[in-house]
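Have a look at the structure below, then the notes.
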Number of protein chains: 2
Amino acid sequence: MGLGVVGGGVAQVLRERREAITALIGTPVVLRHALVRHREKPRVLSPDLLTTQPKDILYDPQVHIVVEVMGGELPALNYIRQALEAGKYVVTANKEVMAKHGPELLALARERGVDIRYEASVGGGIPLITPFRQDFLANHIAAIYAIINGTTNFILTRMAQEGQDFASALSQAQKLGYAEADPSNDIEGIDAAYKLAILATLAFHTRVRPQDVHREGISHLSARDFRYARELGYTIKLLAIGRAEEEGVQVRVHPTFLPQDRLLAKVDGVFNAVQVEGDLTGPVLFYGQGAGSQPTSSAVVADIINLAQDLAFGPRRRPPLLLEPPIPLKPMAQLRTRYYLRMSVADRPGVLAQIARVLGDNQISIASVIQKEVDEAAQTAEIVIMTHLALEEAMQRALAEMARLPKVAEVSNFVRVEG
Amino acid sequence: MGLGVVGGGVAQVLRERREAITALIGTPVVLRHALVRHREKPRVLSPDLLTTQPKDILYDPQVHIVVEVMGGELPALNYIRQALEAGKYVVTANKEVMAKHGPELLALARERGVDIRYEASVGGGIPLITPFRQDFLANHIAAIYAIINGTTNFILTRMAQEGQDFASALSQAQKLGYAEADPSNDIEGIDAAYKLAILATLAFHTRVRPQDVHREGISHLSARDFRYARELGYTIKLLAIGRAEEEGVQVRVHPTFLPQDRLLAKVDGVFNAVQVEGDLTGPVLFYGQGAGSQPTSSAVVADIINLAQDLAFGPRRRPPLLLEPPIPLKPMAQLRTRYYLRMSVADRPGVLAQIARVLGDNQISIASVIQKEVDEAAQTAEIVIMTHLALEEAMQRALAEMARLPKVAEVSNFVRVEG
């Protein structure tokens, strides 16, 4: 269902590798139908395989596996439900549907004695769902740190390496086809939040929904922040972070300062990486192409092969998704982390003392300060502060108080710091 | 079977996580027996679980899963065979057995309607076997580049970062428990060759045996080679390389110059990493702790949980290991790569010209040269050469010819270069 970039790739792989796939399963995988919106457009498939009617697929008793690669919540969700209810196996690449409705769909599949696989929904060609569902089962997962949106990572890499500002890096990403005309899904962290919800649900055995994820985008970052970051030994990445803490699970997507020597800091361009902290495994990192027709097709076709093997070698009921009683979400206000602050101030004696006092009053201590004269005529300077560990709610209070200081022209940016 | 570092860890995880594991399977995993050599030693397990008799395990009808964590080829291989023949599922961490006999054991398991899992045999807590058996199935794998021996990577990291020579880095590894009293299995690349044979067999769908792997160790590397490597923008790693080329599969373990900006070059200390090049996925990298009680236990217990889920939710026949008709091995002589050469020469005019002529006569062209005066008294100098792509057999011929040049005191080292 869907014959766009991913669907077309899947159809091509199934056709070009028919022999190799048959060898793996013992029987060929035959593509019966492809759901398209317009039959007239020229396609990779012969016209008699095309249909505009979902029911041609959902009610065909010869269809065993339905592959949903349309994207978007609706109507994809309805088709997936109908397919499962009709006793068909499902493969989907749909992060929005799986983030919002994954646990229900997995339960429905189990109830109907079938299965739904969704490796392609997170991280393209990087194996992630399978490791969480199989390899990490003996672990308590303490944390996930992930770069799971290639568009924003491309933009941030440009800003870091070429000193570009956000707007020109975005427009370059659009020219290269890495960003859409309306880029908000990527640059606001919505896409990353879907993927984090899927991974966190598996990692922490608790239901994490997209709306549980605290989300900040990257559009407020400036070339200047990247210069200071480099000077301080950091780089800036849009991280999706999930942590299991005593008070609850914390899930957030926001720009983050990362020490330059961390492996994650070296993940550049459209590449993705997910670092998992298991209590037995220690840190494990997965790296690769998180999007694109071929990597995504690789994951979709692997899921198809695995389901076809189940069908050929005796299907089995999948173990249920283990979801413990809901674990509370830890509110963002209770986060403890380090912070980078950049502000524009009047270049007059005493301003730093005032800022330091506001921070001190809020139990925030300063790790380092850079002060630079920026505009001699206007007599304004720029102050950059790195703090020690501090409480988010204290920092938010301090930010509001600093913005009210007469000598502070502007709190230009604040970014959380990891590691 | 086996209650050493890994076996003890597995027993502990099974006991401490009994509830979480039961929740995943729906039924508890009960540890029935542990095979030990001496019953008297104090153990993590109660004495009535200990036995010195393999048959107590192999012929107990209440044992469904046999976990082999003894290591070594014999008697482990026999016990695994007997367990499978008795219709028991097997989990093993044994790289030597799986490298030498894996395909036969997988076939035997299938024949008996059971399964053998061996995720812990390569890369400790890093998921590798499952990704190859499930996630990469739609790909043609072009190459594997792997750092899969923690001991040697620890030694090489010390040599690179602290300028230590091989002997003192090795003795430090031994003091820290990272290297054994007899370190030859690690430093000669034997351990890495076992693991490469296992991965290459899965990746290329052809039988690769340990003896097929061209193998060179790290003991000939000197602090000097690391200095030159750094100067040239490289670091030195013991790489396990598998490549599918037109003429056949190439499998080799040897020290390798890697450009410093490659992710693999940043894998330091006892960490492991495996980079897989799929034609659809592009490069995918897995990184984590490749050894140690806890990471290895994580993999063993995950295999136990997966098998127990199969038993609980309806066992299925596993798809057979797909092995195509044997693909020829590409002989080392036909390798084309770049080379680093270091030699000690008489500090007299014309010596570089002689060396260059030997290389040129063998169709080897020079990319860069460093010449340094080393010993003024003896009037010897050191010459370091990086070549362009050259044929291994031509290089071997050139090395022999250069060693015979009267002005060349010694060809001190040669190392292959990737990337």
Side-chain angles (χ1 to χ4, degrees), chain A residues 9 13 17 20-21 23-26 119 124-127 130-131 134-140 205 261 263 266-267 271 273 275-276 278-289 292 294-295 297-306 309-310 312-320 322 324, chain B residues 9 13 17 20-21 23-26 119 124-127 130-131 134-140 205 261 263 266-267 271 273 275-276 278-289 292 294-295 297-306 309-310 312-320 322 324:
Chain A
V13 171
R17 302 191 181 185
I21 292 170
L24 286 163
I25 302 165
E119 184 60 69
I126 311 169
T130 308
Q134 297 188 22
D135 296 277
F136 292 133
L137 287 181
N139 284 261
H140 297 299
H205 300 292
D261 60 357
L263 270 188
K266 292 161 183 160
V267 174
F271 276 83
Q275 185 173 324
V276 181
D279 64 341
L280 298 174
T281 58
V284 177
L285 184 134
F286 301 82
Y287 165 94
Q289 287 177 43
Q294 290 201 325
S297 300
S298 167
V300 169
V301 175
D303 277 350
I304 295 172
I305 294 171
N306 285 305
Q309 287 179 329
D310 281 357
F313 298 105
R316 57 166 186 156
R317 284 165 69 213
R318 282 265 274 185
L322 182 67
E324 287 162 9
Chain B
V13 170
R17 302 191 179 186
I21 292 170
L24 286 163
I25 302 165
E119 184 60 69
I126 311 168
T130 308
Q134 296 188 23
D135 295 278
F136 292 131
L137 288 181
N139 284 262
H140 297 299
H205 300 293
D261 61 357
L263 270 188
K266 292 162 182 156
V267 174
F271 277 83
Q275 185 172 324
V276 181
D279 64 342
L280 297 174
T281 59
V284 177
L285 183 134
F286 300 82
Y287 166 92
Q289 287 177 44
Q294 290 202 324
S297 299
S298 168
V300 169
V301 176
D303 277 350
I304 295 173
I305 294 171
N306 285 306
Q309 288 180 329
D310 280 357
F313 298 105
R316 58 168 184 153
R317 283 167 69 213
R318 283 264 272 185
L322 181 67
E324 287 162 9

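Every chain is numbered from 1, with letters handed out A, B, ... down the list of sequences.
Comparing A:Q294, A:Q289, A:Q275 by heavy-atom pairs within less than 4.5 Å of chain B, the highest count is held by A:Q294. Of the listed residues A:V13, A:N139, A:V301, the one with more heavy-atom pairs under 4.5 angstrom with chain B than any other is A:N139. Listed options A:D261, A:I25, A:T281, A:I21 were ranked by heavy-atom pairs under 4.5 angstrom with chain B; first place goes to A:T281.
Taking the side chain as every heavy atom from C-beta outward, B:R17 and A:H140 approach each other to under 4.5 Å. Residues B:Y287 and B:F271 are in side-chain contact: their nearest non-hydrogen atoms beyond the backbone lie under 4.5 Å apart.
Proximity to chain A is limited to the side chain of B:I305, based on heavy atoms less than 4.5 angstrom apart. Heavy atoms closer than 4.5 Å to chain A are found in both the backbone and the side chain of B:D279. Interface remark: A:E119 contributes side-chain atoms only to the contact with chain B (heavy atom separation under 4.5 Å).
A:A299 and A:G124 get closest at one heavy-atom pair: CB-O, 3.4 Å. Residues A:H205 and A:L137 approach most closely at CE1-CD2, 4.5 Å, considering heavy atoms.
Considering only residues two or more places apart in sequence or on other chains, A:P127 meets the side-chain contact (heavy atoms from CB on, under 4.5 Å) condition with A:P131, B:P131, B:D135, B:F136, B:V284, B:F286.
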